Colleague: 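Shown below is the structure under consideration.
Computed from a prediction, not measured in an experiment: that's the story for all the values here. Here, residue 1 is the first one in the sequence, and each next residue gets the next number.
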Amino acid sequence: MGDWVHDGGRLCLDLVNTLRDRYRGGRELLVAPDALAEWLREVGLRAESSPAEAHVAAARELREAIDRAVNARAQGAVIAASDVELINAVARGENRAAVQLRLGAGGVVEAFRSEPQDPVRAALAEVAVDAIELLATDPFPRVAVCAFHLCGLRFLDTSPARNRQWCSMTRCGNRAKARQHYARRKGGS
């Protein structure tokens with residue numbers, strides 16, 4: 001169903017990459033609840049209930065807040081308060097599973113993971129937490145946009161020189177190098 005790519009290097013950037021072709025107005029991949037369910041499965045966030053249209057809208061809203069926040073942080077600008085509030089609200093949502101204490105039989109203390117009321121919102125909370133961890137990193141890592149003219153995916157550049165150009169060498173890097181080679185050969189004939 002989906003045209004999913006997981007080359008972002010972070011869960012939150014993989015969510016940002018569910019809107020493709022941003023440079024040409026965008027091509028939405030989160031088009032329906034089934035698409036969101038598939039993306040959640042692909043990234044390992046299994047939601048035990050099926051997403052609804054409201055979940056799709058929430059995922060898109062979170063995605064765009066993360067994208068704006070990452071872009072602002074990358075440019076050294078202040079992140080919009082509304083984006084900070086939205087990311088925080090999703091991350092701390094009452095629907096997120098949490099480790100808690102309880103007293104068992106005979107007063108024995110035990111830890112347990114509370115079950116979220118809404119597993120889809122809990123999965124989105126994990127994405128928001130990942131975004132918070134990325135945005136709070138100091139110094140801020142290089143988040144780049146793929147240099148291939150038909151791509152535009154965001155990715156975390158962890159290369160030693162911080163000069164990675166393509167989201168994936170096997171996909172966009174090879175395409176770009178093949179185009180350059182073809183152009184050189186054509187120009188030399």
Side-chain angles (χ1 to χ4, degrees), residues 2-23 26-30 35-36 38-47 51 55-99 113 116 118-148 151-169 171-173:
D3 185 16
W4 314 119
V5 175
H6 306 292
D7 293 326
R10 295 294 296 245
L11 180 59
C12 62
L13 295 177
D14 286 343
L15 178 63
V16 168
N17 290 334
T18 62
L19 180 64
R20 294 292 170 74
D21 306 328
R22 287 178 184 265
Y23 61 91
R27 180 170 54 98
E28 182 63 67
L29 297 183
L30 295 178
L36 177 58
E38 182 180 327
W39 184 83
L40 290 171
R41 277 191 307 276
E42 288 259 338
V43 298
L45 296 173
R46 303 221 187 282
H55 294 120
V56 175
R60 288 179 184 172
E61 189 177 18
L62 175 61
R63 174 190 67 203
E64 294 310 306
I66 292 169
D67 186 49
R68 288 187 301 269
V70 167
N71 287 336
R73 184 82 163 86
Q75 296 169 8
V78 175
I79 299 171
S82 59
D83 290 333
V84 170
E85 290 169 17
L86 188 139
I87 293 168
N88 283 339
V90 173
R92 76 170 168 264
E94 67 278 356
N95 294 310
R96 187 165 179 240
V99 176
R113 183 169 288 276
D118 183 338
V120 177
R121 291 202 185 276
L124 293 177
E126 296 302 319
V127 177
V129 168
D130 183 61
I132 289 168
E133 291 169 354
L134 173 63
L135 292 165
T137 303
D138 195 26
F140 189 65
R142 180 173 179 257
V143 176
V145 177
C146 184
F148 186 59
C151 182
L153 291 178
R154 276 82 168 141
F155 63 90
L156 187 65
D157 181 2
T158 57
S159 66
R162 295 176 50 107
N163 63 354
R164 185 173 141 199
Q165 294 181 18
W166 300 290
C167 64
S168 166
M169 188 60 196
R171 189 179 41 258
C172 293

Colleague: Show your working on side-chain contact (heavy atoms from CB on, under 4.5 Å) between Arg10 and Val143 and close with a plain yes or no.
Modeller: CA-CA 10 Å; Arg10 295 294 296 245; Val143 176; over 6 Å; no
Colleague: Would you compute the distance between atom CG of Leu62 and atom CG of Asp83 and round it to the nearest 0.5 angstrom?
Modeller: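 Output value for this atom pair is 10.0 Å.
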Colleague: Step by step, work out the side-chain contact (heavy atoms from CB on, under 4.5 Å) result for Leu134 and Ile66.
Modeller: CA-CA 10 Å; Leu134 173 63; Ile66 292 169; over 6 Å; no
Colleague: Closer than 3.5 angstrom, by distance alone: can the side chain of Arg60 be matched with the main-chain N or O of Glu28 as a donor-acceptor pair?
Modeller: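 Here the side-chain-to-backbone pair does not exist.
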Colleague: Any chance you could measure Leu45, atom CG, to Leu124, atom CG, to the nearest 0.5 Å?
Modeller: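 Those atoms lie 8.5 Å apart.
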Colleague: Do you know the tightest heavy-atom contact between Ile132 and Ala91?
Modeller: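 Taking Ile132 first and Ala91 second, the nearest heavy atoms are CD1-CB, 3.6 Å.
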Colleague: For residues Leu15 and Thr18, determine if any side-chain heavy atom of one lies less than 4.5 Å from a side-chain heavy atom of the other.
Modeller: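 The answer is yes; the side chains approach within 4.5 Å.
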Colleague: Would you name the heavy atoms of Leu36 and Val56 that are closest together and state the gap between them?
Modeller: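 Heavy atoms only, the tightest pair is CD2-N, 3.9 Å.
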Colleague: Measuring only between side-chain heavy atoms, which start at C-beta, is Val5 closer than 4.5 Å to Arg20?
Modeller: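 A side-chain contact under 4.5 Å exists here.
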Colleague: Rounded at 0.5 Å granularity, tell me how far CG in Leu29 sits from CH2 in Trp39.
Modeller: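 Those atoms lie 11.0 Å apart.
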Colleague: To check you understand the geometry: which heavy-atom pair defines the closest contact between Val16 and Arg22, and what is its length?
Modeller: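 Val16 and Arg22 have their closest heavy atoms at O-NH2, 3.1 Å.
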Colleague: Mind checking the CG-CD spacing from Leu30 to Glu38? Nearest 0.5 Å is all I need.
Modeller: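 Here the interatomic distance stands at 10.0 Å.
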Colleague: Is there a side-chain contact between Val43 and Trp4 (heavy atoms, below 4.5 Å)?
Modeller: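 The answer is no, as the side chains (C-beta and beyond) never meet within the 4.5 Å cut-off.
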Colleague: Atom CG of Leu19 and atom CZ of Arg154: how far apart are they, to the nearest 0.5 Å?
Modeller: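 Nearest 0.5 Å value for the CG-CZ distance: 8.0 Å.
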Colleague: Can you confirm whether Asp3 sits close enough to Arg27 that some side-chain heavy atom of one is under 4.5 Å from a side-chain heavy atom of the other?
Modeller: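 When only atoms from C-beta onward are counted, Arg27 and Asp3 do touch, with a gap below 4.5 Å.
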Colleague: Can you confirm whether Phe140 sits close enough to Val70 that some side-chain heavy atom of one is under 4.5 Å from a side-chain heavy atom of the other?
Modeller: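 In short, these two side chains touch, coming nearer than 4.5 Å.
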Colleague: Where do Leu13 and Leu156 come nearest, in terms of heavy atoms and distance?
Modeller: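 Looks like CD1-N, 3.7 Å.
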Colleague: Of all the heavy-atom pairs spanning Thr137 and Glu133, show the shortest one and how long it is.
Modeller: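 Result for this residue pair: OG1-O, 2.8 Å.
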Colleague: What is the distance from atom CZ of Arg142 to atom CG of Asn163, rounded to the nearest 0.5 Å?
Modeller: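 Between Arg142 CZ and Asn163 CG, I get 7.0 Å after rounding to 0.5 Å.
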Colleague: I'd like to know if the side chain of Asp130 and the backbone of Cys12 have a donor-acceptor N/O pair within less than 3.5 Å.
Modeller: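 Indeed, once roles are kept as given, a pair shorter than 3.5 Å links the two residues.
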Colleague: Give the minimum heavy-atom separation between Ala125 and Val90, together with the two atoms involved.
Modeller: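 Heavy-atom minimum between the residues: CB-O, 3.3 Å.
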Colleague: Would you check, one step at a time, whether the test side-chain contact (heavy atoms from CB on, under 4.5 Å) holds for Ile87 with Leu135?
Modeller: CA-CA 11 Å; Ile87 293 168; Leu135 292 165; 4.1 Å; yes
Colleague: Could you walk me through whether Arg164 and Asp157 pass salt bridge (Lys or Arg N to Asp or Glu O under 4.0 Å), step by step?
Modeller: CA-CA 6 Å; Arg164 185 173 141 199; Asp157 181 2; 5.5 Å; no
